[in-house]
Amino acid sequence: QVHLVESGGGSVQAGGSLRLSCSASPWGTSTYYCMGWFRQSPGEEREGVARVDSDGKITYADSVKGRFTISKDNAESPLYLQMNSLKPEDTAMYYCVSDPVGGACASRTLVPSYFHYWGQGTQVTVSA
(Lines give C-alpha, C1' and ligand atoms only; values in the text may rest on other atoms or scores of the structure.)
Protein backbone atom coordinates (compact mmCIF):
# COMPACT_ATOMS: atom_id res chain seq x y z
CA GLN A 1 0.00 0.00 0.00
CA VAL A 2 1.39 3.39 -1.06
CA HIS A 3 0.37 6.50 0.84
CA LEU A 4 0.31 9.72 -1.21
CA VAL A 5 0.38 13.15 0.45
CA GLU A 6 -0.14 16.36 -1.50
CA SER A 7 0.85 19.88 -0.48
CA GLY A 8 1.18 23.32 -2.01
CA GLY A 9 -2.41 24.22 -2.73
CA GLY A 10 -3.81 27.61 -1.86
CA SER A 11 -5.57 30.71 -3.13
CA VAL A 12 -4.13 32.95 -5.82
CA GLN A 13 -5.32 35.58 -8.24
CA ALA A 14 -5.66 34.86 -11.93
CA GLY A 15 -2.27 34.93 -13.61
CA GLY A 16 -0.51 33.72 -10.50
CA SER A 17 1.45 30.52 -9.87
CA LEU A 18 1.45 27.61 -7.47
CA ARG A 19 3.57 24.50 -7.15
CA LEU A 20 2.02 21.31 -5.91
CA SER A 21 4.08 18.54 -4.37
CA CYS A 22 3.31 14.88 -3.75
CA SER A 23 5.28 12.51 -1.58
CA ALA A 24 4.80 8.75 -1.70
CA SER A 25 5.59 6.32 1.11
CA PRO A 26 6.71 3.66 1.30
CA TRP A 27 8.17 3.55 -2.17
CA GLY A 28 10.12 0.32 -1.99
CA THR A 29 12.97 -0.58 -4.35
CA SER A 30 11.25 -0.25 -7.71
CA THR A 31 12.75 2.25 -10.13
CA TYR A 32 9.58 2.31 -12.20
CA TYR A 33 6.91 4.90 -11.65
CA CYS A 34 3.77 6.17 -13.32
CA MET A 35 2.34 9.15 -11.47
CA GLY A 36 0.16 12.09 -12.23
CA TRP A 37 -2.42 14.66 -11.20
CA PHE A 38 -6.17 14.77 -11.50
CA ARG A 39 -8.51 17.55 -10.47
CA GLN A 40 -12.17 17.80 -9.63
CA SER A 41 -14.50 20.72 -9.09
CA PRO A 42 -17.86 20.44 -7.29
CA GLY A 43 -20.44 18.93 -9.61
CA GLU A 44 -17.85 18.07 -12.22
CA GLU A 45 -16.19 14.81 -13.20
CA ARG A 46 -12.57 14.15 -12.40
CA GLU A 47 -10.24 15.51 -15.06
CA GLY A 48 -6.77 14.22 -15.82
CA VAL A 49 -4.25 17.05 -15.68
CA ALA A 50 -0.85 15.48 -16.34
CA ARG A 51 1.14 12.28 -15.93
CA VAL A 52 4.79 11.23 -16.10
CA ASP A 53 6.52 7.86 -16.08
CA SER A 54 10.04 6.64 -15.43
CA ASP A 55 10.74 6.50 -19.18
CA GLY A 56 10.26 10.24 -19.31
CA LYS A 57 6.97 10.11 -21.15
CA ILE A 58 4.76 13.08 -20.21
CA THR A 59 1.13 13.74 -21.09
CA TYR A 60 -0.85 16.92 -20.44
CA ALA A 61 -4.50 17.76 -20.75
CA ASP A 62 -5.09 20.26 -23.55
CA SER A 63 -6.48 22.72 -21.03
CA VAL A 64 -3.15 23.05 -19.21
CA LYS A 65 -0.58 22.66 -21.99
CA GLY A 66 1.92 25.48 -21.98
CA ARG A 67 0.95 26.56 -18.46
CA PHE A 68 1.56 23.52 -16.24
CA THR A 69 4.73 21.44 -15.89
CA ILE A 70 4.89 18.02 -14.25
CA SER A 71 8.21 16.75 -12.98
CA LYS A 72 9.82 13.98 -10.97
CA ASP A 73 13.56 13.41 -10.80
CA ASN A 74 13.56 9.71 -9.92
CA ALA A 75 11.43 7.01 -8.34
CA GLU A 76 11.99 8.20 -4.79
CA SER A 77 11.78 11.94 -5.35
CA PRO A 78 8.57 13.93 -4.91
CA LEU A 79 6.21 14.55 -7.78
CA TYR A 80 5.65 18.21 -8.65
CA LEU A 81 3.15 20.20 -10.64
CA GLN A 82 4.24 23.75 -11.45
CA MET A 83 1.16 25.75 -12.37
CA ASN A 84 1.65 29.12 -14.06
CA SER A 85 -0.78 31.60 -15.60
CA LEU A 86 -3.55 30.21 -13.45
CA LYS A 87 -7.14 30.84 -14.48
CA PRO A 88 -10.36 30.77 -12.42
CA GLU A 89 -11.33 27.59 -14.28
CA ASP A 90 -8.30 25.87 -12.75
CA THR A 91 -10.04 26.05 -9.38
CA ALA A 92 -10.44 22.48 -8.10
CA MET A 93 -9.27 19.86 -5.67
CA TYR A 94 -6.04 18.42 -7.07
CA TYR A 95 -5.21 14.77 -6.47
CA CYS A 96 -1.89 13.00 -6.77
CA VAL A 97 -2.14 9.53 -8.29
CA SER A 98 0.15 6.56 -8.77
CA ASP A 99 0.06 3.32 -10.73
CA PRO A 100 2.80 0.80 -9.80
CA VAL A 101 1.89 -1.53 -12.67
CA GLY A 102 2.10 0.77 -15.68
CA GLY A 103 -1.19 0.48 -17.46
CA ALA A 104 -2.14 4.00 -16.52
CA CYS A 105 0.79 5.43 -18.48
CA ALA A 106 0.31 3.14 -21.46
CA SER A 107 -3.16 4.43 -22.27
CA ARG A 108 -3.63 7.26 -24.73
CA THR A 109 -5.45 9.43 -22.23
CA LEU A 110 -5.51 9.84 -18.45
CA VAL A 111 -8.04 7.34 -17.12
CA PRO A 112 -8.88 7.67 -13.41
CA SER A 113 -9.63 3.98 -12.85
CA TYR A 114 -6.16 2.97 -14.11
CA PHE A 115 -4.46 4.62 -11.13
CA HIS A 116 -4.35 2.43 -8.04
CA TYR A 117 -3.39 4.99 -5.43
CA TRP A 118 -4.88 8.41 -4.74
CA GLY A 119 -3.95 11.12 -2.28
CA GLN A 120 -6.44 13.06 -0.18
CA GLY A 121 -6.17 16.12 -2.39
CA THR A 122 -5.10 19.74 -2.04
CA GLN A 123 -7.39 22.65 -2.87
CA VAL A 124 -6.44 25.22 -5.49
CA THR A 125 -8.58 28.34 -5.74
CA VAL A 126 -8.00 30.98 -8.41
CA SER A 127 -9.88 34.25 -8.17
CA ALA A 128 -10.59 36.55 -11.10
Side-chain angles (χ1 to χ4, degrees):
Q1 182 76 18
V2 175
H3 184 54
L4 303 176
V5 179
E6 305 97 334
S7 62
S11 297
V12 296
Q13 291 189 326
S17 299
L18 284 173
R19 189 176 82 153
L20 306 183
S21 300
C22 174
S23 296
S25 65
W27 187 259
T29 59
S30 175
T31 59
Y32 174 82
Y33 60 84
C34 168
M35 297 186 71
W37 297 92
F38 279 76
R39 66 186 181 185
Q40 187 170 24
S41 303
E44 301 290 330
E45 293 190 357
R46 285 177 296 183
E47 176 190 17
V49 176
R51 70 183 178 195
V52 60
D53 69 13
S54 49
D55 291 330
K57 186 172 64 177
I58 293 176
T59 303
Y60 292 104
D62 288 342
S63 58
V64 306
K65 282 181 181 177
R67 300 188 299 122
F68 290 11
T69 302
I70 190 171
S71 64
K72 183 172 170 60
D73 289 337
N74 54 60
E76 295 182 343
S77 66
L79 176 73
Y80 297 105
L81 185 68
Q82 178 66 43
M83 305 186 295
N84 298 328
S85 302
L86 283 161
K87 305 175 181 180
E89 50 264 44
D90 294 318
T91 295
M93 185 72 77
Y94 283 71
Y95 298 92
C96 175
V97 295
S98 174
D99 169 30
V101 177
C105 283
S107 63
R108 186 175 62 84
T109 60
L110 282 80
V111 180
S113 61
Y114 288 1
F115 288 91
H116 292 255
Y117 301 112
W118 289 69
Q120 292 299 306
T122 185
Q123 178 67 38
V124 171
T125 302
V126 185
S127 58

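Reckoned from all heavy atoms, side chains included, excluding hydrogens, waters and symmetry mates.
- Not counting sequence neighbours, the partners of Val126 by the side chain to side chain contact (heavy atoms under 4.5 Å, CB included) test are Val12, Ala14, Leu86, Pro88, Asp90, Thr91, Val124.
- Applying the ring pair (Phe, Tyr, Trp, His ring centres under 6.0 Å) definition to pairs two or more places apart or across chains, none involves residues 2-24.
- Val5 shares a hydrophobic cluster with no other residue; no ILVMFWY side chain has heavy atoms under 4.5 Å from its own.
- Counting only residues at least two apart or in different chains, disulfide bond (SG atoms under 2.5 Å apart) contacts with residues 56-128 comprise Cys22-Cys96, Cys34-Cys105.
- Formation of a donor-acceptor pair under 3.5 Å by the Thr122 side chain with backbone atoms of Gly9 is found in this model.
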Determine, stepwise, if the pair Ser23 / Glu6 fulfils side-chain hydrogen bond (donor to acceptor under 3.5 Å, both in side chains). CA-CA 7 Å; Ser23 296; Glu6 305 97 334; over 6 Å; no
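- For residues 45-87, no pair satisfies ring pair (Phe, Tyr, Trp, His ring centres under 6.0 Å), with sequence neighbours left out.
- Checked against salt bridge (charged side-chain N to carboxylate O under 4.0 Å, His left out), Arg19 has no partners two or more places apart in sequence or in another chain.
- For Asp99 (side chain) and Val101 (main-chain N/O), a donor-acceptor pair under 3.5 Å exists by modelled atom type.
- When hydrophobic clusters are built by joining Ile, Leu, Val, Met, Phe, Trp and Tyr residues whose side-chain heavy atoms come closer than 4.5 Å, directly or via intermediates, Ile58 is not grouped with Tyr95.
- With sequence neighbours excluded, no residue satisfies side chain to side chain donor-acceptor pair (under 3.5 Å) with Asp53.
- For residues 42-91, no residue pair satisfies the disulfide bond (SG atoms under 2.5 Å apart) rule, not counting sequence neighbours.
- Criterion: ILVMFWY side-chain heavy atoms under 4.5 Å apart, direct or through other members. Under it, Met35 and Val2 are part of a common hydrophobic cluster.
- Checking side-chain atoms of Lys87 against main-chain N and O of Glu89 turns up no donor-acceptor pair under 3.5 Å.
- Residues Pro100 and His116 are in side-chain contact: their nearest non-hydrogen atoms beyond the backbone lie under 4.5 Å apart.
- Residues passing the side chain to side chain donor-acceptor pair (under 3.5 Å) test with Asn84 are Ser17, Gln82, sequence neighbours excluded.
- In this structure, Tyr114 shares a hydrophobic cluster with Val111, the cluster being traced through Ile, Leu, Val, Met, Phe, Trp and Tyr side chains under 4.5 angstrom apart.
- Checked against side chain to side chain donor-acceptor pair (under 3.5 Å), Tyr94 has the following partners two or more places apart in sequence or in another chain: Arg39.
- When the ring-ring contact (aromatic ring centres under 6.0 Å, His included) test is applied to Phe38, the partners found at least two apart in sequence or on another chain are Phe115, Trp118.
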